[in-house]
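Only one structure is covered here, and it is reproduced in the block below.
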Amino acid sequence: MAANNRRMSGKKGAQVGSGGQRRRGLEGKGPTPPAEMRKGHKKNRVANAKAKQAVRRPVARGRGGKGTSEMVVGRNPVVEALREGVPAVTLYVQQFIDNDERVREALQLVADRGGVHLMEAPRPELDRMTNGLNHQGLVLQVPPYEYAHPEDLANAAYDEGQDPLIVALDGVTDPRNLGAAVRSVSAFGGHGVLVPERRAAGMTAGAWKTSAGTAARTPVARCTNLTRALEAYKKQGIAVVGLAADGEHEVGDLQALGGPVVIVVGSEGKGLSRLVGETCDYRVRIPMPGGAESLNAGVAAGIVLYEAARRRA
């Protein structure tokens, strides 16, 4: 009887519900996420592309290797290096040194800069460190320069949405010419200087001084083979323009300077090497009504960089 009562009861049994979906559907979804996080939005696609690009080609300091540590020797050279902001690790001062105005200035510059160790050393130790050079009681240790990789120069331009503007030096052995080229690249909005590892000037204290501080913000890359590095640039669509006294084009007439370009400057005496000259897409000459046979690398680079900057303006 009890069973019959249960069957005849008016109570409803369990029913299949929505599981709260209707209630949750009425709830708000919070603030709208920024465009960069909304799937399918243009800004989201751009952000994803940049992230993939960064993973694919990270820019790391020192990918082109390091130079060698260097000693700047003598009171005037040390003071000039410190004035020009040449990087330094340690200033060595001879014990019982005659304290003249240059010594005092060197000590003051080191104190103002900070981050440079100050060491007192006996004269025999400074003689040993400098291989017997006339150090006059002051020796400045310059750290090894960290070179960029050739790819970094072009990538830096692309990251800024610009066409690469690079100077490559072929057989230039005077550090002052390298420093002058770095200064010109910085002045005209270029993206760096490329030098070969062998038979070429490196970023020494002399190059730093000539760059007048611009080497701190303009990278110098180093490659094992300049011809191969230029070929790699060409595959990226970057024109390679070599300077030559017998070039087929005048610098003011070359349209290619307005786009992505590597300007190759040879040594003052020999000019471009044969293989590098054959690799160039264009060879240009700088008209010189005054009759000079050639210009040093720093001056020549500055002239062509000016023309490239003028076309890009």
Side-chain angles (χ1 to χ4, degrees), residues 59 61-70 72 77 80-88 142-157 159-160 162-223 226 229-230 233 238 240-243 257 260-268 272 276 286 295-309 312:
V59 176
R61 287 182 60 82
R63 291 206 307 142
K66 286 189 175 184
T68 56
S69 183
E70 184 187 359
V72 179
E80 289 171 7
L82 290 170
R83 283 176 184 166
E84 295 295 341
V86 173
V142 178
Y145 182 80
E146 290 190 355
Y147 291 93
H149 189 277
E151 291 177 4
D152 296 340
L153 306 185
N155 289 343
D159 289 344
E160 296 173 7
Q162 300 175 357
D163 287 332
L165 178 57
I166 300 165
V167 168
L169 302 181
D170 178 26
V172 174
T173 56
D174 189 340
R176 292 171 297 182
N177 274 329
L178 171 56
V182 170
R183 189 172 182 178
S184 294
V185 167
S186 176
F188 294 111
H191 301 99
V193 178
L194 175 63
V195 296
E197 282 185 11
R198 294 174 294 176
R199 296 185 293 277
M203 281 304 297
T204 63
W208 269 97
K209 284 197 295 183
T210 311
S211 78
T214 57
R217 58 182 182 271
T218 302
V220 176
R222 193 167 61 173
C223 60
L226 183 58
L230 295 176
Y233 281 141
I238 304 174
V240 178
V241 175
L243 298 188
L257 290 174
V261 66
V262 180
I263 301 163
V264 190
V265 184
S267 65
E268 186 173 348
L272 300 175
V276 168
I286 298 173
L295 300 169
N296 68 45
V299 173
I303 292 172
V304 186
L305 283 164
Y306 167 77
E307 178 61 25
R312 292 161 183 250

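Nothing fancy with the numbering, it's 1 onward along the sequence.
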Could you go through the side-chain contact (heavy atoms from CB on, under 4.5 Å) check for V172 and L178 one step at a time?
-> CA-CA 7 Å; V172 174; L178 171 56; 5.5 Å; no
Mind checking the CG-CD1 spacing from L305 to I166? Nearest 0.5 Å is all I need.
-> 11.0 Å
At their closest point, which heavy atom of V265 faces which heavy atom of A300, and how far apart are they?
-> CG1-CB, 4.3 Å
If you look only at pairs with a residue in residues 189-210, which of them pass as a salt bridge (Lys or Arg N to Asp or Glu O under 4.0 Å), with sequence neighbours excluded?
-> E80-K209
Going through the checks in order, is the side-chain contact (heavy atoms from CB on, under 4.5 Å) test met by V86 and V72?
-> CA-CA 10 Å; V86 173; V72 179; 5.6 Å; no
Nearest atoms (heavy-atom pairs only) where A309 meets F188 | CB-O, 3.9 Å
Any donor-acceptor pair under 3.5 Å from Y147 side chain to V195 backbone | no
Could you tell me which residues satisfy side chain to side chain donor-acceptor pair (under 3.5 Å) with N177, sequence neighbours excluded, listed by chain and number?
-> none
All salt bridge (charged side-chain N to carboxylate O under 4.0 Å, His left out) counterparts of E70, not counting sequence neighbours = none
Can you list the residues that meet the side chain to side chain contact (heavy atoms under 4.5 Å, CB included) rule with P260, with sequence neighbours excluded?
-> D163, P164, I238
Taking every heavy atom of G298 against every heavy atom of S184, the minimum-distance pair comes out as O-OG, 3.9 Å
Here the pair of heavy atoms bringing L153 nearest to V193 is CD1-O, 3.8 Å
Can you see which heavy atom on Y145 is nearest to which on V220, and at what distance?
-> OH-N, 3.2 Å
Taking every heavy atom of P219 against every heavy atom of A148, the minimum-distance pair comes out as CB-CB, 4.3 Å
When rounded to the nearest 0.5 angstrom, what distance separates CG in L169 from CG in D174?
-> 11.0 Å
Partners of T210 by side chain to side chain contact (heavy atoms under 4.5 Å, CB included), sequence neighbours excluded?
-> R176, A180
Could you tell me which residues satisfy side chain to side chain contact (heavy atoms under 4.5 Å, CB included) with A168, sequence neighbours excluded, listed by chain and number?
-> L194, L226, L230, V262, V264
Results of side chain to side chain contact (heavy atoms under 4.5 Å, CB included) for A308 - residues two or more places apart only | L165, L257, R312
By salt bridge (charged side-chain N to carboxylate O under 4.0 Å, His left out) - contacts of R183 (at least two apart) | none
